[in-house]
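Below, chain A is the first sequence line, B the second, and so on; all start at residue 1.
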Number of protein chains: 2
Amino acid sequence: MMSERGYHHGDLRNALLVATTELVREHGARGFSVSEAARRVGVSSSAPYRHFPDRDAMLAAAALTGFRELEERFASLPALKAFTDTAAQIATEYLRFAREDPARFEVMFAHGIDKTKHQDLLRQTFRVQERFEATLSRCLRSAETTPRAAELWSLAHGVAALATGGNVQHILPEARISALADSTARAWARGVQ
Amino acid sequence: MMSERGYHHGDLRNALLVATTELVREHGARGFSVSEAARRVGVSSSAPYRHFPDRDAMLAAAALTGFRELEERFASLPALKAFTDTAAQIATEYLRFAREDPARFEVMFAHGIDKTKHQDLLRQTFRVQERFEATLSRCLRSAETTPRAAELWSLAHGVAALATGGNVQHILPEARISALADSTARAWARGVQ
DNA sequence: TCTCAATGTGAGAGGTTCACACATTAGAGT
DNA sequence: ACTCTAATGTGTGAACCTCTCACATTGAGA
């Protein structure tokens, strides 16, 4: 053991973070274990506790990178003129994000991790909401962008949560699910204006 | 031990179900354990396995009663004439339900339990969707009630999931959160018609 | 060069899920 | 009334898990 590496890993925290997101993707949040992550990067099972206080902190860290990635993706979305198109674009992108890694998406919003205990997570969710607001404010004729952004977020989140949870697959055909985000967002946007 | 009870419990499956929902409410899905449920009803830690194949099955059973309760609540909602009012009513009731027992609500939609493995759960979610459809069809001028019901469900679910997950509490004041379901549903309903 | 704070290890306490052999008993058939 | 069998509960134990603590190692600064 410890060949190729020496006693100290050098970048253990980061390696564990990668292993955590991989494991979550492969076996779900419940399938993830600190031991397994440690095994995967080749350290003892107690080494991770030098970098994370407990198991939940590792999941929270994985969730945090998820929120950062989500923010980036919205930031790099092309600007559209029409309000309805923008709403549909956001909801669709949100759904796409969730479906690419459903397990991590669930971890990001899991009730299990106490968001008041992980302030960085809370701040990052706030930044995502801000991004929604900024995007909407470019084409929304209303002073109340904050609650409107929350509405759109809720709507997009609902579609994504139900779709990744396998709750609509038996109600709508696969082709319709991708369209669900679009049509829900458009109806909402029409009603807002 | 086993005083007041005799060797056989008599109604163990049901007692375990009650204990499960209580534990989930108190300590969350992750806090629940088969051992603890067994301890609470006063049987050995392997007794539950006579009634449920594994831990997940106990959670699935708790989720099932949740879905049944949800269906009942929608069934006993007073009928309204206006479409927008009906949509708002459904979304608001959905949010109320979620907030009464957030942990069980999360279990009902947890990715962890494989819905294809628990067919009864799947059937019951389908019945909830049917209930949505039936209610909507009474006041919706459209042939496409199935996708519309799915849209409303998504929307309501999103509000409930974000609210119970503590994601909007730091964006909107508590008073506004109760109104979030209402306003989102109304905007959507206006856009649909 | 020396030292010490940060980082990794090994052992272990206490918890968990679940399988398996065994004990008990309700109730169906006679 | 009497058996016997299937259903239900028990106890033990293997294989995991989280997290703690004393100890080993080493990179980087004084």
* Any side-chain heavy-atom pair from B/Arg141 and B/Phe83 closer than 4.5 angstrom? -> no

* **DNA chain C contacts among residues 55-66 of chain A, heavy-atom distance under 4.0 Å** => none

* To do: Could you walk me through whether A/Arg123 and A/Glu130 pass the salt bridge (Lys or Arg N to Asp or Glu O under 4.0 Å) test, one step at a time?
  => CA-CA 10 Å; A/Arg123 277 189 46 190; A/Glu130 283 179 323; over 6 Å; no

* To do: Applying side chain to side chain contact (heavy atoms under 4.5 Å, CB included), name anything that partners A/Ala98, two or more places apart in sequence or on another chain.
  => A/Phe105, A/Ala160, A/Thr164

* Can you tell me how far the CD atom of B/Gln124 sits from the CG atom of B/Leu64, to the nearest 0.5 Å? -> 6.0 Å

* To do: Just grab all the side-chain hydrogen bond (donor to acceptor under 3.5 Å, both in side chains) pairs involving residues 184-193 of chain B, residues at least two apart or on different chains.
  => B/Asp85-B/Arg186, B/Glu151-B/Trp188, B/Asp182-B/Arg186

* Structure fact -> Between CG of B/Leu12 and C1' of C/dA26 the distance, given in whole Å, is 16 Å

* To do: Give the angle between the helix axes at the two ends of the helix from C/dT1-D/dA30 to C/dT30-D/dA1, taking five base pairs at each end and rounding to 10°.
  => 0°

* Any chance you could measure A/His111, atom NE2, to B/Arg104, atom CZ, to the nearest 0.5 Å? => 13.0 Å

* Take atom CZ in B/Arg99; do more than 12 heavy atoms of anything else shown fall under 6.0 Å from it? -> yes

* To do: Identify, residue by residue, the members of residues 43-51 of chain B with a heavy atom below 4.0 Å from DNA chain C, and return them in order of residue number, or none.
  => B/Ser46, B/Tyr49, B/Arg50

* Parallel under 30°, tilted from 30 to 60°, perpendicular over 60°: which one fits the rings of B/Phe74 and B/Phe132? -> perpendicular

* Any residue of residues 16-37 of chain A with a heavy atom less than 4.0 Å from an atom of DNA chain D -> A/Ser33, A/Val34, A/Ser35

